Amino acid sequence: MAILEVNGLKVFFHTRNGTVKAVNDISFSVDSGETLAIVGESGSGKSVTCYSLLDLLPKPPAKIEAGTALFEGNDLLTCSKDQMRQHRCNDIAVIFQDPMTSLNPFLTIGEQLIEPLVHHPDKDQAITRRSAKEKAIALLDEVGIIDSQERFDCYPHEFSGGMRQRVMIAMALITEPKLLICDEPTTALDVTIQAQILELIKKLQETRNVAVIFISHDLGVVAGIADKVIVMCEGTIREADITDNIFYKTKDDYTKKLLSAIPEGAKTLPNRSIHGSPLIDVSNLKTYFKNQSGKKDNENQFVKAVDDVSLAISRGEILGLVGESGSGKSTLGRSILQLAPATSGSVKFDDQVLTGMNAKQLVPWRKRMQMIFQDPYASLNPRMTVFETLSEPLLYHGLASKKEIAQHVKQLMDDVGLAQAQLRKYPHEFSGGQRQRIAIGRAIATKPEFIIADEPVSALDVTIQAQILDLILDLVEQHNLTMMFISHDLSVVRYISDRVIIMNRGVIVEQGDTEGLWARPKEPYTKDLLSAIPLADPRSERLRIATR
């Protein structure tokens, strides 16, 4: 029997620019102990569908126009605020996409975990702080938090991304819900952490008989965890079936498009690297940060983010840099561009030593090397239009006069595939993929020779991700760029890179030609990373083992 049954759900947003039919007449059901995956691109309505069930949408502009959502026979869409509070606390929990923005930075992890137990809406069900703490610590152990007794009093910023996501899972499970809604819970996680989180959700589901709705745009993840799949597009269900049929007996063209957009296989473009004097030459680079944990012994005085790293990048080469969160890959990229102060070692760009230069000395070198940041929404100035964002580096480096600037900016918009009519819009008026195109446009504005792309597609839908990857490859060819491509997604790295470096705990553990490393990995750490790549194949033996 279905624990949740949704029929004819319609959710419209009434805005000054008209009515947006975010969810338009959809129906589905999920049983206890079952996992239903909802798949689709950004804007397809998958998150709005689930948030409407728990009255988490802003009203206005959102309005539930029609439909029912029966949870154990009670309609969630018409229940009172007190009844909804009870459902949220006792019966239905949500794991949100970004734990850092969902967790309260002013409260310790422990305080946030025990809150629904100590401040229960039904006072008769509230328990003492001591009992709540014992339950919370036991749950932190269950989700894999090491030293849970000590970490109970830590704040969210003191945890890694994977650990914060585990805390979110613990928070969702602490009241022992009957239905768990997972909204992109592994989008920005490393493949190994992602595999652990998926295995954890599957294990908890089996031991607690929890029904799971799993929202994702990653069909590789869905293949390994779902019993049934719904494919959504523009607020409607395009296809719904058991997982095997969605992958092997696909009926809808939109589903076929999503499956075909998954990056797989080797890079198709030739290796353009020019052997000889490298463009980037890093020697014995160390970047240490002072340890804030309070430990004063010499061994733990510093966090060794980058520890004695040496590498060279040839002109025209795309070097992939792979590692888990905390491996030092982003810090290495920032240290190369002198955005993070190096402790020792040297970085040469075109035979010029950059380490030791002050900010003024670095200015002429800045236009020759640029960075594409992971989160374009955080790296773009919300008060600047696209025109201002793209014109700023050109004017700052004297590459265009005020009379010529409009022509240069329009050319950049054409290069990154954005309509010129959008020049006067602000970042919040664009989708995630469009914002990433703006960030790429800003990076290539100065016609740099070298670009570091730090996780540029980690949070994008597979179709948008494919477009951005192809755009990057086209721009590399068109502008003769050299690139370091940082990512935790090994499928993406294989698709775009000529050579790969694997980092772990601040050091390089393995490196080599991309296909050679894929075929013959030497280090156990590399083998673990490769074995954790999610496959869009529900019948894969490796997937069954990973989620068993």
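We're numbering straight along the sequence, starting at 1. In this text, all values refer to a predicted model and were calculated from it rather than measured experimentally.
Between Phe349 and Trp365, the ring planes are perpendicular. Angles over 60° get that label, and only those under 30° would be called parallel.
Salt bridge present: Arg315 and Asp350 bring a charged side-chain N and a carboxylate O closer than 4.0 Å. Electrostatic pairing of Glu392 and Arg442 does not count as a salt bridge here, judged by no charged N lying under 4.0 Å from a carboxylate O. Between Glu317 and Arg272, no side-chain nitrogen of the basic residue sits less than 4.0 Å from a carboxylate oxygen of the acidic one, so the salt-bridge criterion is not met.
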Full working for side-chain contact (heavy atoms from CB on, under 4.5 Å) between Leu321 and Phe485: CA-CA 6 Å; Leu321 182 59; Phe485 191 94; over 6 Å; no

Worked verdict on Val322 versus Val500 for side-chain contact (heavy atoms from CB on, under 4.5 Å): CA-CA 7 Å; Val322 177; Val500 177; 4.0 Å; yes

Derivation and outcome, side-chain contact (heavy atoms from CB on, under 4.5 Å), residues Ile451 and Met371: CA-CA 5 Å; Ile451 287 180; Met371 190 163 192; over 6 Å; no

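Atom OH of Tyr396 sits about 14.5 Å away from atom OG of Ser391, to the nearest 0.5 Å. Atoms CG and CD1, on Leu54 and Ile92 in that order, are 5.0 Å from each other to the nearest 0.5 Å. Here the CD1-CG distance, from Ile213 to Leu36, works out to 6.0 Å after rounding to the nearest 0.5 Å. A distance of 4.5 Å separates CD1 in Ile486 from CG in Asp454, rounded to the nearest 0.5 Å. Between the CG atom of Leu9 and the OG atom of Ser52 there is a distance of 4.5 Å, given to the nearest 0.5 Å. Note that CZ of Arg166 and CD1 of Ile109 are 13.5 Å apart. Values are rounded to the nearest 0.5 Å.
A heavy-atom distance below 4.5 Å is found between the side chains of His14 and Lys63. Met232 is not listed as a side-chain neighbour of Val39, based on a closest heavy-atom distance of 4.5 Å or more. Within the 4.5 Å cutoff, side-chain heavy atoms of Met484 are placed close to those of Ile313. Met413 places none of its side-chain heavy atoms less than 4.5 Å from the side chain of Arg437. The closest side-chain heavy-atom distance from Glu449 to Met369 is not below 4.5 Å. Counting heavy atoms from C-beta outward, Ile280 and Lys348 have side chains that stay 4.5 Å or more apart. For the pair Leu469/Val457, a side-chain contact is recorded, criterion being any heavy-atom separation below 4.5 Å from C-beta on. Looking at Glu388 and Thr385, their side chains come closer than 4.5 Å, going by heavy atoms from C-beta outward.
Qualifying side chain to side chain contact (heavy atoms under 4.5 Å, CB included) partners for Ala445, counting only residues two or more places apart in sequence or in other chains: Pro393, Leu394, Leu412. Partners of Lys10 by side chain to side chain contact (heavy atoms under 4.5 Å, CB included), not counting sequence neighbours, listed by chain and number: Phe12, Asn24, Asp25, Glu65, Ala66. Glu239 is linked by a side chain to side chain contact (heavy atoms under 4.5 Å, CB included) to Val231, Ile246, Thr250, Lys251, Asp252, Thr255, counting only residues two or more places apart in sequence or in another chain. Partners of Ser327 by side chain to side chain contact (heavy atoms under 4.5 Å, CB included), not counting sequence neighbours, listed by chain and number: Lys329, Met503. Taking the side chain to side chain donor-acceptor pair (under 3.5 Å) definition, one finds that Glu41 meets it with Tyr254, Thr463, sequence neighbours left out.
Listed here is the closest heavy atom pair of Ser260 and Lys257: OG-O, 2.9 Å. Residue Ala62 comes nearest to Leu57 through the heavy atom pair CB-CB, 3.9 Å, listed as atom of the first residue, atom of the second, then distance. Looking at every heavy atom in both residues, Val347 comes nearest to Ser335 through CG2-O, 4.2 Å. Closest approach of Pro185 to Ile215, counting heavy atoms only: CD-O, 4.1 Å. The nearest pair of heavy atoms linking Pro427 to Asn381 is CG-O, 3.6 Å.
Gln352 CD: more than 12 foreign heavy atoms inside a 6.0 Å radius.
By the 6.0 Å and 45° rule, Arg424 stacks over the aromatic ring of Phe387.
Sequence neighbours left out, the pairs with a member in residues 46-62 that pass salt bridge (charged side-chain N to carboxylate O under 4.0 Å, His left out) are Asp55-Lys59.
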